[in-house]
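Chain A is the first sequence line, chain B the second, and so forth, proteins listed ahead of strands; every chain is numbered from 1. What you see below is based on every heavy atom in this structure, not just the backbone, and it leaves out hydrogens, waters and symmetry mates.
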Amino acid sequence: MAVETTEINHITGEMSGLACKPAKRFGFIKYLAVFLIVTVLFAFLQQLLMPKYMHGIVEGAMIAEYYQEEKDHNVIFVGDCELYENISPAVLWEEYGINSYIRGSAQQLIWQSYYLMEETLKYEHPEVMVFNVLSMKYDVPQNEAYNRMTLDGMRWSMSKVRDIQASMTEEESFAEYVFPILRYHSRITQLEQDDVTYLFRKDPVTFNGYYMRVDVKAAENVPTGRPLGDYRFGDNAYKYLEMMAQLCEKEGVELVLVKAPSLYPYWYDEWDEQMVQFAKDHDLKYYNLLNVTDEMGLDFSQDTYDGGLHLNLSGAEKMAHYFGKILQEDCGVTSRRGEEKLEKAWEEKIAAYEAEIARQEANLKE
Amino acid sequence: MLFTSYSFMIFVAVTFCLYYVCPKKWQWAILLGASYFFYFMAGRTYLIYILVTTVSTYLAARQMDARKERAEQAYALQKDSLDKEGRKALKAKQKKGITRVFLACLILNIGILAVVKYTNFMIANINGIAKAFGGDGTLSFVDLVLPMGISFYTFQSVAYLIDVYHGKYPAQKHLGKFALFVAFFPQLVQGPISRYNELSESLFALHSFDKQNIAYGLERILWGYFKKMVIADRMLVAVKVLIAEPETYYGSFAFVGMLFYALELYADFTGGIDITIGVAQLFGVKVAENFRRPYFSKNIKEYWKRWHISMGTWFTDYIFYPVSVSKPFRKLNKFAREHFGDHVGKRLPVYLSSFVVWLLTGIWHGASWNFIAWGLGNYVVIMISEELEPLYHRFHKRFHVAGTLPWKLFQVIRTVLIMSCLRMFDCYRDVPLTFQMFGSMFARPNLSALTGEAFLGLGLGVTDYIILAAGALVLFAVSMIQRAGSVRTKIASCSFPVRMVIWWGLFFIVLLFGAYSIGYNESQFIYNQF
């Protein structure tokens, strides 16, 4: 009898154990389901609230566009608006067979350019990297809005982490880069059609990083620079320029420094001298294209769309024509004409490029 | 480290993990370490002040207890050999020694508070008086650090000291645990002013990971964030504009500002206390409630029993009663009864004690005349209300409205309006300007200025007003539900999906509609400054 009771207890015990297991499993499943739903909802809302930069201020979409590219360029330009508005990669391809890309965004600071270089070199190994030196004038983080336009588009990597840390202004927080919804949550009351249209897709806003403008606004009464108390570039800016030189040397990539031919912000002779000296000290090439605007054939009554700050299409094509020659003759960048895959890709890109020219010209006529 | 900052959330999360991962016997030490880290992050020199208060109060309380014990032993040995007078004399002598220790510690701690908080206020007043009498009035201000939450932890320590002095409970023998009682980080910013006998049990107990308790804690924190970030910090934008431009926003706008500030202050302070209680609950610590739906009070007296309860009871227990039964007040009572009759004799000491209480309440809130005026304003309203009591009785005898809904509503609205009017002292921080703005509500109402466009000029958009209105409605609805019992218990009794919808719904509301990050000024809790 005693044996029977024990057996019965044993069996019921097992049965209750069996009864418990599904309950526990269900408990786990329901929490897992909540976790998944909340995560998906969180991700969806974050995606919805992130600015799309598809119209108006499109600069915020530029950095992310690079990841859609076939990463096999001869030349990578890194810098601010003086690059992404001033040189046309399409002309570099058409005239010199140079497959180039511009990794630039608005007011891209030197440390941002450095980390973009570092990141780019993880994806590809170009012959030359061209850096526009205007951002040497900034030694400390400047503006959250511009930071966002550069950093939000970057893919997560240690380069991005270090870039954020180097770029954050006092009011910014790292957590808001990790979870951008914390920064953009207030857009919930300002959502537009674009936020829905471009929720899961993006249209290209550049042509290999080049931001095209065909309109003209002549440069008139361009102000000269006000005298400065101290013309020496900051230590932080120098630190990153030095790091760029070391990175390129280590990777076996030629670093070329340029000052793009924009009339404003003013480029001081004292600044130019420092760049000349730096290039000399580090055995780098430095081209101040402001000194050769006539040779390039730039006409600031025709070749700028905002009074000399940036070049328009006509100006950008002239600069590409001029600088392509430098890249090929001085830097030995090879022509890749004849590479079937590349030819085909550029054929499509140039068709889009020309369609955009036609669209903008038609708009202007209207 | 603001309660609403990411760093605070990370700090709480790390402390929480350590608290439940480490052996239970070290839980108090983890909380103490976290509290000092929190305080250190607020200001490096702050730690010195809190350490002085902690060590001095601890030593004084231990000393008082030791002296009491020795006195009891001596008394037991000597009492048989002494007559009644002799025993009395011995007890008085023994008490004197204990009182000396007590007063020394009390003066030290109140002195620190007075010096760091009120020195410049005194200098400003001395300069003002000197100028009024033709002097220079050029005494220079002193650059003193005002440690965060000093009023709260000083009052908490003083209450402990007084209670030990009166033998309400024995002194805490463990310095570390006592230090934790003084510095427990969730209540360091804005209270409540906890009592040792209420807080110590759960603060020093060994806590296991209690799912339900932690869920309640998180729920409470979320509710606090909702009040603070969705309502208070959004309302702050408009309140700032209204206060900054009194020459533009007078009359009806002063009235609007008064109501806006009432809502902002309520959401800010109660939200902060919700976060405090919720964070404490994560660690299994039970912090006393500081509010009981104050805007549902029928009169000012009741309001003060439901708003900032821990401060009200502190002043009642440690100022009002001791002052009322003090020798001079007893004498005054006797004198008034003899000369003015029972009616006045009974009231005079109470009214004078209340005056002291409200004067000190005002001073405690801040070192400026507007707070003193605010405290005394409360006093005047309460006294008038007391004096009008017979009139109310006559009114209710004649009109049988008491207990009816319209009358209750009238009482509630009246209380809210009176309290909001008094808060104008706090709002404008300038006594003459407050009177001017209060007067403008009647003398220059300027009702035509209250246009939609003018409201949009206060820095808030239409959606902000919709969010605020919805938020206020939610607050009201929750308060109404609370009248019938705990909202948390009701939520806990809901099915799993409903609970999840409520919790995560609130989370996403705070996430999306909270006024935080760049674009909104990160704002400190209003009561933090006290």
Salt bridge check, A/Glu119 against A/Arg155: does any charged N sit closer than 4.0 Å to a carboxylate O? no
Salt bridge (Lys or Arg N to Asp or Glu O under 4.0 Å) test vs B/Asp274 passes for just one of B/Arg488, B/Lys228, B/Lys227, namely B/Lys227
When the 4.5 angstrom heavy-atom criterion is applied to A/Gln190 and chain B, the contacting part is neither
Whatever's closer than 4.5 Å to a heavy atom in chain B on A/Glu144 counts as side chain
Q. Between A/Arg162 and A/Tyr115, is NZ or CZ placed under 6.0 angstrom from the six-membered ring centre and within 45° of the ring axis?
A. no
Nearest heavy-atom contact between A/Tyr84 and A/Ser105 is CE2-C, 3.3 Å
Does NZ or CZ of B/Arg234 come closer than 6.0 Å to the centre of the six-membered ring of B/Phe226, within 45° of the ring's axis? no
Heavy-atom nearest pair, A/Tyr198 first then A/His55, reads OH-CE1, 3.8 Å
One option among A/Thr189, A/Leu182, A/Ile188 has the most heavy-atom pairs under 4.5 Å with chain B, and it is A/Leu182
Among residues 33-47 of chain A, those lying within the under-4.5 Å heavy-atom range of chain B are A/Val34, A/Val38, A/Leu41, A/Phe42, A/Leu45
Nearest heavy-atom contact between A/Met244 and A/Ile110 is CE-O, 3.6 Å
